[in-house]
Amino acid sequence: MRGLLILFCLMLILGCTKKYEPRIIDNIEIQEFKIDSTSIRAIKVVDEQTVYFAGANGIIGYTKDGGNSWNTKQITYKDSIIPHFRSIAMQNNTIFALSIANPALLYKITEKDTTIVYKEEHPKVFYDAMQFFDDGEHGIAVGDPTDDCMSLLLTNDFGETWKKVSCDKLPKITEGEAFFAASNTNIKTLGSSVWIASGGKKARVFRSDNYGKTWKVFETPMIQGNGPQGIYSIDVANFKRGIIMGGDFSKPNENKANKAITINGGKTWSIVADEQNPSYKSCVQYVPETTGKEVFAVGKTGVSFSNDGGQNWKEVSKEAYYTIQFVDKYTAWLAGDKKIGKLILK
């Protein structure tokens with residue numbers, strides 16, 4: 001009896017630690033929905049039926065029936081200024097949308113009200129991405145420097161109020177270093193940790209493990225030095241494994257030093273698939289429940305897939321999209337110029 005019990009326990013342990021076998025995906029199909037009024041770089045996925053988006057021309061929209069119908073509205077500021085959105089986040093049933101350029105406007109949007117919870121006026125102001133942490137209480141937004149540090153907004157009351165962090169509490173930024181508002185994914189949160197990726201003169205990764213209170217900065221071997229070069233997107237599979245992607249927006253077909261991975265939480269990065277496709281991408285995301293093996297990258301150059309953590313890639317669609325976000329390992333939503341896409345993996 002004791003022997004049978006030991007055998008059962010061993011079988012249970014082996015079953016729980018079974019190695020994940022990544023899928024082979026050679027091509028994909030995307031159901032496309034036209035959103036004629038706006039270019040979309042920021043989405044917030046709720047489930048297979050529900051996705052919210054924030055786009056250019058002040059457009060906020062959503063579907064709750066898998067794309068069969070869409071609700072949109074345009075937000076204007078003082079009746080004449082149209083905010084252009086590149087960032088979106090969600091807390092409970094409340095949407096937060098952050099505009100680029102001057103004035104920077106952070107809107108809190110519910111079914112009943114649309115209110116401004118943060119405003120910043122500055123000739124250099126330009127916010128790029130926004131996320132909430134796992135607890136929902138804390139949130140963070142990053143923007144280009146208006147001084148000698150990144151522009152950083154924090155909330156610790158579920159988004160009710162936001163405050164800009166003083167430069168004396170943040171790492172210094174290199175002149176010419178900035179952040180890209182390409183897909184709302186140059187910032188990634190996990191637990192109380194956050195990673196932010198930069199580009200331009202320098203392509204670096206900033207990490208905080210206490211909701212943005214203190215920071216460490218890590219160099220990367222990504223292409224850098226000129227304005228459109230650097231890291232456009234970052235994702236992490238866990239606290240150790242992560243991936244960054246980007247390239248040169250002005251030379252989208254080049255693939256030199258435009259993708260790298262880390263296995264130590266961002267301290268060091270290694271270039272992968274150098275001078276191999278994919279070329280420039282604006283968004284990279286791990287597929288959930290695949291132990292960091294399956295990765296999708298999207299951009300104006302199409303959709304690419306890796307099933308070995310980013311070492312090797314296949315182009316699986318030529319469709320141009322700016323951003324992608326997964327529901328689970330079978331379903332994702334995408335967004336691009338005047339369109340939303342729904343991807344189903346079988």
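Only a predicted model underlies this, so the values are computations on that prediction, with no experimental measurement involved.
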Flag the pair Tyr280 / Tyr232 as yes when their ring centroid distance falls below 6.0 Å, and as no otherwise.
yes
Heavy atoms, side chains only, cut-off 4.5 Å: are Val236 and Trp195 in contact?
yes
Quick one: do Glu175 and Lys201 make a salt bridge, cutoff under 4.0 Å?
no
Tell me whether Trp333 contacts the main-chain N or O of Val46 through its side chain, where contact means a donor paired with an acceptor under 3.5 Å.
no
Rounded to the nearest 0.5 Å, what separation is found between the SG atom of Cys149 and the NZ atom of Lys169?
12.0 Å
Please indicate whether Ile263 has more than 12 foreign heavy atoms, meaning atoms of other residues, nucleotides or ligands, lying under 6.0 Å from its CD1.
no
Tell me whether Asp235 is salt-bridged to Lys188, with the criterion being a basic N under 4.0 Å from an acidic carboxylate O.
yes
Cation-pi check for Tyr62 against Lys64: NZ or CZ below 6.0 Å from the six-membered ring centre and within 45 degrees of the axis, yes or no?
yes
Looking at CD1 of Ile234 and SG of Cys283, how far apart are the two atoms once the value is rounded to the nearest 0.5 Å?
12.0 Å
For the residue pair Tyr211 and His138, categorise the inter-ring angle as parallel (less than 30°), tilted (30 to 60°) or perpendicular (more than 60°).
parallel
His84: which of Asn57, Ile59, Thr38, Leu105 passes side-chain contact (heavy atoms from CB on, under 4.5 Å):
Asn57
Closer than 4.0 angstrom, basic N to acidic O: yes or no for Glu21 and Lys19?
no
Lys329 atom NZ, neighbour heavy-atom count above 12 within 6.0 Å
yes
Say you draw a straight line from CG of Asp113 to NZ of Lys108; how long is it, rounded to the nearest 0.5 Å?
8.5 Å
Report yes if the side chains of Phe133 and Val194 come closer than 4.5 Å at any heavy-atom pair, otherwise no.
yes
Could you give the distance from CZ (Phe305) to CG (Asn27), rounded to the nearest 0.5 Å?
11.5 Å
Would you call Lys293-Asp308 a salt bridge at under 4.0 Å N-O?
no
Quick check, are the ring centers of Phe326 and Tyr286 under 6.0 angstrom apart?
no
A cation-pi test, strictly: NZ or CZ of Lys342 under 6.0 Å from the centre of the six-membered ring of Phe33 and no more than 45 degrees from its axis. Yes or no?
no
Salt bridge or not between Glu275 and Lys256? Use side-chain N to carboxylate O under 4.0 Å.
yes
Only one of Thr155, Leu152, Leu153 passes side-chain contact (heavy atoms from CB on, under 4.5 Å) with Ile140; say which it is.
Leu152
Does this structure show an ion pair linking Asp128 with Arg86, if we count only N-O contacts that are shorter than 4.0 Å?
no
In sequence, state the C-alpha distance, the side-chain angles, and the governing distance for Ser166 and Asp168, and then conclude on side chain to side chain donor-acceptor pair (under 3.5 Å).
CA-CA 5 Å; Ser166 171; Asp168 59 12; 2.8 Å; yes
Salt-bridged, Asp337 to Lys339, with N to O below 4.0 Å?
no
Could you state the interatomic distance from CG (Asp328) to CD (Glu289), rounded to the nearest 0.5 Å?
6.5 Å
Side chains of Asn264 and Thr262: do they bring a donor and an acceptor to under 3.5 Å?
yes
For Phe249, is the NZ or CZ atom of Lys300 found under 6.0 angstrom from the centre of its six-membered ring and inside 45 degrees of the ring axis?
yes
Taking the six-membered ring for Trp, are the ring centroids of Phe158 and Phe132 within less than 6.0 Å of each other?
no
Which value, rounded to the nearest 0.5 Å, describes the distance between Asn307 atom CG and Tyr20 atom OH?
8.5 Å
Of all heavy-atom pairs between Gln311 and Ala273, which one has the smallest distance, and what is that distance?
O-CB, 3.6 Å
Which residues pass the side chain to side chain donor-acceptor pair (under 3.5 Å) test with Glu120, not counting sequence neighbours?
Tyr118, Tyr127, Lys164
